[in-house]
Amino acid sequence: MRILLIEDDDVLRDGIAAGLSLEGFEVDAVASIEDARAGLSINDHGGVVLDIGLPDGSGLDLLAEWRRSEVTIPVLLLTARNLVADRVDGLDAGADDYLGKPFDLSELAARVRAMLRRQGGRASDEIVLGRLVISVARRTVTLSGQAVALSRREFAILHALAQHPGHVLSRRLLEDRIYGWQEEVESNAVEVHIHKLRAKLGRERIETVRGQGYRLSR
């Protein structure tokens, strides 16, 4: 899942990005409201981690702007201001969750996963599609009770497809899930990972829809 991180502190931003990457997220990290606007318009992000205090304005104002424009992407706020009134202001502005600084990276990752589950209408961490079971938190996959070893990018593609079983996802969308916006995209990367997933899960599991993309069977 691709996350947009907006945090102006260089050390903290790099640390959060590294921590979320280790938890299986693809992270696009920016330091300002201007770059956040550009980032959200360019890539298909599943959620946002937003610091309130930014050099070119308030994260709360940016959040309110998004909500007025009917941008429904889930947002978790980060701030050193941790009074009840601050939390209320953030949630009333349209935030889905709130975490005060300092915080533990494992808690941040867990809150992001929970936020994305709610957005997707799921109560459980697991995605179950017949004999296929995907644990998002543990980043594990089993097929008929047997563990299936996947690379980070294979898991990212499978997770994206499994969130919308029966629906076609374009190659571009899948590329967005496995590459950061400053990474060079290999021309046949998605095809290679799809081929490996079919070898591990069965060819019938993932269908190619010519000219449109790929679809995971239910």
Side-chain angles (χ1 to χ4, degrees), residues 1-125 127 136-139 156 159-160 163-164 176-177 180-182:
M1 176 64 71
R2 180 179 292 274
I3 297 295
L4 178 63
L5 168 64
I6 309 153
E7 166 61 61
D8 67 315
D9 183 290
D10 294 344
V11 174
L12 184 56
R13 184 177 63 254
D14 291 346
I16 294 173
L20 290 178
S21 295
L22 289 174
E23 292 283 347
F25 295 100
E26 295 292 334
V27 182
D28 294 327
V30 299
S32 68
I33 288 176
E34 180 181 1
D35 288 343
R37 289 191 182 107
L40 197 64
S41 67
I42 292 172
N43 289 99
D44 178 38
H45 297 95
V48 174
V49 176
L50 172 62
D51 185 29
I52 288 180
L54 295 167
D56 54 347
S58 168
L60 287 179
D61 292 339
L62 176 61
L63 176 58
E65 171 189 315
W66 282 340
R67 296 311 189 224
R68 285 194 302 271
S69 301
E70 299 184 352
V71 176
T72 60
I73 188 168
V75 175
L76 184 150
L77 288 176
L78 297 178
T79 182
R81 296 179 291 175
N82 204 22
L83 297 175
V84 171
D86 295 324
R87 296 197 296 272
V88 169
D89 288 344
L91 295 169
D92 282 347
D96 297 87
D97 201 356
Y98 191 108
L99 190 58
K101 300 176 182 178
F103 53 84
D104 188 274
L105 279 172
S106 61
E107 180 182 2
L108 173 60
R111 285 178 176 270
V112 171
R113 286 193 295 268
M115 180 176 72
L116 298 179
R117 282 201 305 273
R118 292 193 297 271
Q119 179 75 0
R122 292 186 294 110
S124 172
D125 162 71
I127 301 174
V136 179
R138 296 191 298 274
R139 282 176 290 146
H159 182 209
Q163 288 180 298
H164 308 280
D176 285 346
R177 291 295 184 92
W181 60 1
Q182 294 180 335

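Hydrogens, waters and symmetry mates are skipped; everything else that's a heavy atom, side chains included, is used.
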Participant: Enter the distance from D9:CG to L54:CG here, rounded to the nearest 0.5 Å.
Facilitator: 11.0 Å

Participant: Going by side chain to side chain contact (heavy atoms under 4.5 Å, CB included), L78 matches just one of L50, L108, I52, D97. Which one?
Facilitator: L108

Participant: What's the separation between atom NE2 in H45 and atom CD in E26, rounded to the nearest 0.5 Å?
Facilitator: 10.5 Å

Participant: Rounded to the nearest 0.5 Å, what separates atom CE in M115 from atom CZ in R111?
Facilitator: 11.0 Å

Participant: Look only at the side chain of S69 and the backbone of V71, and say whether a donor-acceptor pair between them is shorter than 3.5 Å.
Facilitator: no

Participant: Nearest 0.5 Å, what's the CZ-CZ distance between R118 and R113?
Facilitator: 12.5 Å

Participant: Would you confirm whether D56, through its side chain, and I33, through its main-chain N or O, come within 3.5 Å as a donor-acceptor pair?
Facilitator: yes

Participant: Looking only at heavy atoms, what is the nearest atom pair of D8 and G53, with distance?
Facilitator: OD1-O, 3.2 Å

Participant: What's the verdict on side chain to side chain contact (heavy atoms under 4.5 Å, CB included) for L105 and E23, showing C-alpha distance, side-chain angles and the deciding distance?
Facilitator: CA-CA 10 Å; L105 279 172; E23 292 283 347; over 6 Å; no

Participant: If you measure from the Lys or Arg side-chain nitrogens to the Asp or Glu carboxylate oxygens, is any gap between R13 and D51 under 4.0 Å?
Facilitator: no

Participant: If you take all heavy atoms of A17 and A29, which pair is closest and at what distance?
Facilitator: CB-CB, 4.5 Å

Participant: Let me confirm one number: the CD1-OG distance from I3 to S21, rounded to the nearest 0.5 Å.
Facilitator: 10.5 Å

Participant: Between D96 and R67, does at least one N-O distance fall below 4.0 Å, as a salt bridge requires?
Facilitator: yes

Participant: Side chain to side chain contact (heavy atoms under 4.5 Å, CB included) between L62 and R37: does it pass, once the steps are laid out?
Facilitator: CA-CA 9 Å; L62 176 61; R37 289 191 182 107; 4.1 Å; yes

Participant: Out of curiosity, E34 CD to I6 CD1, how far, rounded to the nearest 0.5 Å?
Facilitator: 13.0 Å

Participant: Pick from V112, V49, L5: which one makes a side chain to side chain contact (heavy atoms under 4.5 Å, CB included) with F25?
Facilitator: V112

Participant: Please give me the minimum heavy-atom distance between Y98 and L76, naming the atom from each residue.
Facilitator: N-CG, 4.4 Å

Participant: Hey, mind stepping through V48 and L63 against side chain to side chain contact (heavy atoms under 4.5 Å, CB included) and telling me if it holds?
Facilitator: CA-CA 10 Å; V48 174; L63 176 58; over 6 Å; no

